[in-house]
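See structure below.
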Amino acid sequence: MTAPLRVLAVTRGHNFERNAFTAMLDALPGVEVSQVEQPAAQTFFRAENASEWDAFLMYDMPGYTFHRDHSPVDLHEPPSRFREDFEGLVAAGHGFVFLHHALASWPTWPEYSALIGGRFRFVPGGGQPDSGYRHEVDQRIRVLDRSHPITAGVDAEFALRDETYLCAVDEGVHPLLATDVPLDTSTHYSTYNAVQGRRDTNDGWSHEPGSGVVGWVKPHDTSRIAYLQFGDGPSAYGNENFRRLVTNALTWAAGASPEASA
């Protein structure tokens, strides 16, 4: 009997429905998931602890302090020890799967977003606009690469109700999935407006149209890195194709051979 895949799911920094998320993780076949919150999770990235896990599932969003009075967001640098530990794990070949809002993590750490292959911005900066969002969108997801292990057994096209992002995606990613929802400023709202207390508005905001790519792998010399944009809430957690994608991505990320890293 094959031992279950051992996965550490890292959370905190963005609200989510924990019971529904946990129920999804518990239902993944052949996967045994333990959850830990930031910042306590950072000790698990140390080399002496990380070997316990076959793959890491990142569903966190550290690096911010948001204020109820809508005053400017505080952005935080990652602790130097955690940064060194994380970069060491990537160099050593540990695999990572990033979900949904994890694309916004550590906004002052450019190498982090470069590793994932994209960036969701809550605030504009560095000559780049803030990103866009829209909740509970009915969409059709199309598989772009049916030969990749992450899309194995996934319907060639499937319905999904979930949040969509209008954000930056690097040209160097290997696309796996695309949405049919137009990703532009006429269909999405400014995240920075929402931070300032003006939710679901897009006045004064500009952003280039998105490519429609919502799932990808980021080629890397040693580590397997995957990102799935889905997972805002129960409507996504219960979707069988999403669950299969998460299972496949974790299995792929945990693989030992480097040849399937793109």
Side-chain angles (χ1 to χ4, degrees), residues 55-61 86-87 89-91 93-107 109-122 126-133 139-152 154 156-158 160 162-184 188 191 207-232 236 241-242 244-255 257-262:
F56 290 81
L57 180 64
M58 309 302 289
Y59 192 60
D60 58 341
M61 201 185 79
F86 180 84
E87 292 176 346
L89 292 187
V90 172
H94 283 263
F96 293 83
V97 176
F98 297 84
L99 293 183
H100 196 56
H101 50 252
L103 197 65
S105 298
W106 300 119
W109 186 3
E111 292 84 2
Y112 194 82
S113 61
L115 177 77
I116 302 173
R119 164 66 73 194
F120 186 95
R121 294 181 172 86
F122 273 84
Q128 299 297 319
D130 58 299
S131 300
Y133 70 94
Q139 52 194 299
R140 301 290 300 181
I141 305 300
R142 180 167 54 92
V143 175
L144 301 176
D145 183 355
R146 295 202 58 77
S147 67
H148 198 280
I150 291 179
T151 62
V154 176
E157 185 174 303
F158 61 93
L160 179 70
D162 200 9
E163 184 179 17
T164 52
Y165 286 164
L166 173 57
C167 62
V169 178
D170 296 349
E171 293 183 357
V173 303
H174 179 79
L176 299 179
L177 304 154
T179 180
D180 68 344
V181 173
L183 302 179
D184 56 45
H188 287 72
T191 305
H207 196 293
E208 292 184 356
S211 65
V213 175
V214 291
W216 61 78
V217 294
K218 179 63 186 291
H220 191 274
D221 290 341
T222 56
S223 184
R224 293 185 175 190
I225 309 296
Y227 175 73
L228 301 172
Q229 200 173 98
F230 320 123
D232 185 55
N241 280 291
F242 174 53
R244 183 177 290 274
L245 285 166
V246 174
T247 301
N248 289 351
L250 290 170
T251 303
W252 174 81
S257 59
E259 61 267 19
S261 63

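Treat the numbers as computed from the prediction; the structure is a model and nothing was measured.
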How long is the span from the [atom1] atom in [X] to the [atom2] atom in [Y], to the nearest 0.5 Å?
{"X": "T251", "Y": "R224", "atom1": "OG1", "atom2": "CZ", "value": "10.5 Å"}
{"X": "H207", "Y": "C167", "atom1": "NE2", "atom2": "SG", "value": "7.0 Å"}
{"X": "L99", "Y": "D232", "atom1": "CG", "atom2": "CG", "value": "11.5 Å"}
{"X": "L103", "Y": "Y112", "atom1": "CG", "atom2": "OH", "value": "10.0 Å"}
{"X": "T179", "Y": "I141", "atom1": "OG1", "atom2": "CD1", "value": "4.0 Å"}
{"X": "L166", "Y": "Y133", "atom1": "CG", "atom2": "OH", "value": "12.5 Å"}

(Q) Checking F158 now: which residues fulfil ring pair (Phe, Tyr, Trp, His ring centres under 6.0 Å) with it, not counting sequence neighbours? (A)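 Counting only residues at least two positions away or on another chain, F158 forms no ring pair (Phe, Tyr, Trp, His ring centres under 6.0 Å).
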Could you tell me whether a side-chain N or O of [X] sits under 3.5 Å from a main-chain N or O of [Y], the two making a donor and an acceptor?
{"X": "T222", "Y": "V90", "answer": "yes"}
{"X": "H100", "Y": "Q229", "answer": "yes"}
{"X": "T164", "Y": "L183", "answer": "no"}
{"X": "K218", "Y": "G172", "answer": "no"}
{"X": "H101", "Y": "Y59", "answer": "yes"}
{"X": "D180", "Y": "Q139", "answer": "no"}

Applying side-chain contact (heavy atoms from CB on, under 4.5 Å), can you list everything that pairs with [X], at least two apart in sequence or on another chain?
{"X": "E87", "answer": "R83, W109"}
{"X": "A104", "answer": "M61, Y64, F120, F122"}
{"X": "V169", "answer": "V173, W216"}

May I ask you to test the [X]-[Y] pair for a side-chain heavy-atom distance under 4.5 Å?
{"X": "T151", "Y": "N248", "value": "no"}
{"X": "I225", "Y": "V217", "value": "no"}
{"X": "V246", "Y": "L228", "value": "yes"}

(Q) If you take the centroid of each ring, where Trp contributes its six-membered ring, are F96 and F56 closer together than 6.0 Å? (A)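 Yes; F96 has its ring centre under 6.0 Å from that of F56.
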Q. With R140, which residues qualify under side-chain hydrogen bond (donor to acceptor under 3.5 Å, both in side chains), at least two apart?
A.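 Per chain and number, R140 pairs via side-chain hydrogen bond (donor to acceptor under 3.5 Å, both in side chains) with E157.
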Q: Could you list the residues that satisfy side-chain hydrogen bond (donor to acceptor under 3.5 Å, both in side chains) with T191, not counting sequence neighbours?
A: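 Partners of T191 under the side-chain hydrogen bond (donor to acceptor under 3.5 Å, both in side chains) test: none.
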Q: List the steps and the verdict of side chain to side chain contact (heavy atoms under 4.5 Å, CB included) for L177 and V143.
A: CA-CA 5 Å; L177 304 154; V143 175; 3.9 Å; yes
Q: Over all heavy atoms of both residues, which pair between G231 and F242 is shortest? Give the atoms and the distance, please.
A: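 In this case the closest contact between G231 and F242 is CA-CZ, 4.0 Å.
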Q: Check the surroundings of atom CZ in R244: do more than 12 heavy atoms from other residues, nucleotides or ligands lie under 6.0 Å from it?
A: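 Result for CZ/R244: open.
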